[in-house]
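Lettering follows sequence order; numbering is per chain, from 1.
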Amino acid sequence: MADNQITHPIKVQGLNHFFGTGEARKQAIWDLNLTIKRGSLTILMGPSGSGKTTVLTLMGCLRNVQEGRVGLLGHELHGASEAQLVQLRRRLGFIFQAHNLHESLTATQNVLMALQVHGRGNAAKQQVAARHILGLLGLADRADYLPQNLSGGQKQRVAIARALVSNPEVIFADEPTAALDKESGRVVVEMLKKLGQARGTTTVMVTHDNRIMDLADRIITLEEGRVVQDTAP
Amino acid sequence: MNAVLTWLFGRLPIGWLQLSHSRTRLFAAVAGVAFANLLVFMQLGIMGALNSSTVAPYSLLNADIILSSQEGNTLTDSGNIARAYMFQALGVPGVAAGTPLYIGNLPLSVADGSSISLLSFGLDVTQTGFVAASIAPEMGRLAIENAVLLDKDTRGMPADALASLATGGRFTFEANGKTLNAVGSMAVGGGFLADGMMVTSDQSFLRFFPSRNSGAPDQILLRVADGIAPDVVVERLRAVLPPENVKVQTVAKARAADLAFMATERPTGIIFGFGVFMGILVGLVIVYQVLSTDVADHLREYATFKAMGYDQPFFLGIVFEEALILAVLGFVPGLIVSIGLYTALNAVTGLPVAMVASRAVLVFVGTLVACSASGAIATRRLAAADPADLF
Ligand SMILES: Nc1ncnc2c1ncn2[C@@H]1O[C@H](COP(=O)(O)OP(=O)(O)OP(=O)(O)O)[C@@H](O)[C@H]1O
Ligand SMILES: [Mg+2]
């Protein structure tokens with residue numbers, strides 16, 4: 001696919017975003033411009049309410065673009081049809097601020113959902129892949145547990161496994177390490193970085209976690225919906 | 001279960017997993033659907049009882065065409081028609097035989113002092129071809145003065161005496177100053193029309209109802225010659241008989257017209273029809289509540305699936321899966337309890353309330369459609385919203 005030659009999977013130009021209508025209408029993102037290189041690990045920082053989640057969901061096809069241009073994997077998101085969005089979402093991995101696991105599915109079944117979205121496929125192979133990735137995240141003995149029987153950190157790791165299992169081209173992560181201890185938080189981010197180097201997976205991650213800043217290729221700081229700092233450590 | 005469903009759907013059986021995850025919620029949802037089923041079954045059962053008691057008297061007759069007064073409403077609620085029209089009809093080609101049918105409501109007091117009424121048919125006892133096979137052999141016995149056949153389910157009559165009729169027992173009772181002689185029984189299964197039915201000879205009938213005369217029966221029954229369609233003969237009769245006085249109908253049409261009349265022009269029919277309407281409406285509301293609550297409870301999880309690239313048909317698949325499961329699980333107890341209540345209602349009131357297969361199928365299909373539509377409507381919110389707004 002020609003998309004493999006894309007050097008910059010994310011290109012944002014003049015992005016504005018508003019919440020609410022009428023009197024309550026409030027601008028959350030102001031004239032944002034951003035280009036992100038393939039295979040890089042970018043960290044988004046900033047105080048609470050600065051617009052990090054909003055930017056992430058706009059780039060990740062989870063929110064309609066109102067003003068400006070967002071190019072994702074060579075496709076313009078502003079005005080894209082629902083069918084196009086569905087196709088693009090299947091090429092992404094999302095790790096949410098809240099773990100958002102399905103309560104009635106086991107850890108393995110939750111991960112399988114990310115594989116089955118691509119079609120029926122080989123059920124046995126999918127099982128192997130799901131259990132393998134859970135194993136990599138240290139959950140081999142929890143693979144058949146329901147979320148209610150897992151700790152917060154374990155649930156978060158299942159959500160990470162679900163985002164990674166289908167080899168997405170871009171991973172969006174919203175505070176993925178918040179529920180993890182220092183050790184496993186770092187393990188997860190190192191995994192994401194290795195994926196970038198080995199497969200060209202691009203990662204954009206929101207985090208407050210100072211312990212992992214050294215792994216980033218680029219750190220962007222937002223304040224009140226604007227980029228105030230953009231550095232490459 | 002899971003393996004079967006996974007193979008069936010080509011994906012994890014999320015609807016089933018979701019429903020079975022919380023036993024109490026599943027129980028509440030199934031109870032809701034079952035109650036909606038029960039409600040509709042009860043209303044349809046009562047409506048059905050009205051319909052079957054309307055047409056029950058037809059089950060005693062065996063005729064092709066019926067001549068009635070234009071003033072009449074139904075078989076048993078009729079004006080009088082001149083017997084002369086029967087002789088005129090017998091002259092029409094294709095009419096093989098005819099007989100007058102006299103109908104009246106005979107009031108009588110029963111042992112406990114209350115009064116009941118017997119819907120009475122008076123017929124020529126020699127015309128056994130005009131009555132149902134079940135009573136044709138008994139007609140000969142009605143030639144004796146004041147002999148009658150009694151409905152075995154007549155309310156207010158001593159039950160053991162009624163039961164003994166079938167095994168050769170006899171008993172007498174008083175009505176209208178006459179002594180009636182019950183010589184046999186029959187099964188009609190009436191209900192709303194009267195407390196019971198009796199069949200007697202035209203001669204006895206005229207004695208029980210002194211104000212009636214033999215020249216003015218209530219209905220005239222006709223049979224057509226072999227090999228000719230009743231509809232053809234109806235047309236010929238209409239050409240001959242004065243339309244302003246005589247209504248000519250096949251028996252099948254008359255039955256259908258009676259049902260329509262009772263359902264749309266009599267207060268009981270309209271009230272029961274309204275009951276069916278309300279039952280269905282309330283049933284729909286319950287089913288919609290059950291399904292839309294379920295969808296709302298899982299909106300966050302669905303939004304996550306949407307973020308992963310699942311599309312609307314996938315979510316419809318889940319709610320249809322749930323709709324099917326809830327429709328089946330709710331239908332079974334709904335049906336069983338309804339049959340129980342039908343039996344109880346029948347025992348207490350004597351009304352012909354009974355489950356029929358077509359009604360059960362209708363209610364099941366209706367439940368399935370209502371569940372599916374409710375689920376589909378509830379998922380529209382998911383289709384309209386950005387996933388990010390649902391987390
Ligand atoms: N659905 C919404 N409706 C209205 N306002 C919203 C909505 N989502 C976010 N906002 C507002 O937009 C601004 C940016 O919010 P956003 O969630 O992007 O911040 P954030 O940087 O992710 O904060 P945090 O670190 O607390 O997660 C905030 O002022 C917030 O109140
Ligand atoms: Mg946020």
Side-chain angles (χ1 to χ4, degrees), chain A residues 17 19 53-66 82-106 108-121 123 126-127 130 146-148 159 162-163 165-166 168 172 174, chain B residues 1-26 29 294-319 321-322 325-326 379-391:
Chain A
H17 197 80
F19 285 111
T53 299
T54 306
V55 171
L56 214 59
T57 51
L58 282 166
M59 296 189 300
C61 310
L62 303 185
R63 223 178 248 301
N64 264 311
V65 177
Q66 298 167 344
E82 182 63 25
Q84 285 175 306
L85 293 178
V86 165
Q87 287 308 318
L88 278 171
R89 283 174 193 146
R90 293 181 183 177
R91 298 167 63 183
L92 310 176
F94 235 104
I95 307 167
F96 303 95
Q97 209 160 0
H99 61 80
N100 283 1
L101 296 180
H102 196 291
E103 280 300 323
S104 37
L105 302 184
T106 65
T108 306
Q109 289 172 332
N110 265 292
V111 176
L112 280 174
M113 289 306 294
L115 290 172
Q116 293 186 352
V117 73
H118 298 282
R120 197 161 180 159
Q126 290 178 341
Q127 276 281 342
L146 287 171
Q148 69 202 34
R162 182 177 61 183
V165 71
S166 58
F172 294 104
D174 201 346
Chain B
M1 180 90 180
N2 283 351
V4 175
L5 292 173
T6 305
W7 175 80
L8 202 64
F9 297 127
R11 58 163 169 80
L12 290 169
I14 296 171
W16 166 247
L17 291 171
Q18 234 163 244
L19 285 173
S20 57
H21 181 65
S22 164
R23 289 288 147 91
T24 43
R25 284 218 316 234
L26 175 62
D294 185 84
V295 171
D297 285 345
H298 292 100
L299 213 53
R300 275 169 57 96
E301 292 163 336
Y302 293 160
T304 308
F305 288 151
K306 191 172 173 182
M308 286 158 64
Y310 283 98
D311 54 6
Q312 203 59 16
F314 169 80
F315 299 112
L316 286 178
I318 295 181
V319 294
E321 182 187 333
E322 293 198 328
I325 292 167
L326 288 177
T379 52
R380 281 193 318 190
R381 210 187 127 202
L382 184 64
D386 283 338
D389 284 328
L390 301 173
F391 294 147

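- Residue with the most contacts toward chain B among A/R90, A/H102, A/Q116: A/H102 (heavy-atom pairs, distance under 4.5 Å).
- Distance check, rounded to the nearest 0.5 Å: CG of A/L62 to CE of B/M308 gives 12.0 Å.
- A 4.5 Å side-chain heavy-atom check between B/P387 and A/R89 finds at least one atom pair inside the cut-off.
- With a 4.5 Å cut-off on side-chain heavy atoms, B/I14 and A/Q109 do not count as touching.
- Between B/L12 atom CG and A/T108 atom OG1 the span is 10.0 Å, to the nearest 0.5 Å.
- Sorted by first and then second residue, the salt bridge (charged side-chain N to carboxylate O under 4.0 Å, His left out) pairs involving residues 92-106 of chain A (not counting sequence neighbours) form an empty list.
- Most heavy-atom pairs under 4.5 Å with chain B, from the set A/T57, A/N100, A/L101: that is A/N100.
- For A/L92, no part lies near chain B; criterion is any non-hydrogen pair under 4.5 Å.
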TODO: Let me see the working for A/L105 and B/E301 under side chain to side chain contact (heavy atoms under 4.5 Å, CB included), right down to the final yes or no.
DONE: CA-CA 11 Å; A/L105 302 184; B/E301 292 163 336; over 6 Å; no
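- Residues B/Q312 and A/E82 are not in side-chain contact: their nearest non-hydrogen atoms beyond the backbone lie 4.5 Å or more apart.
- The closest side-chain heavy-atom distance from A/M113 to B/T304 is not below 4.5 Å.
- Contacts of B/Y302 classified as ring-ring contact (aromatic ring centres under 6.0 Å, His included), with partners at least two apart in sequence or in another chain: B/F315.
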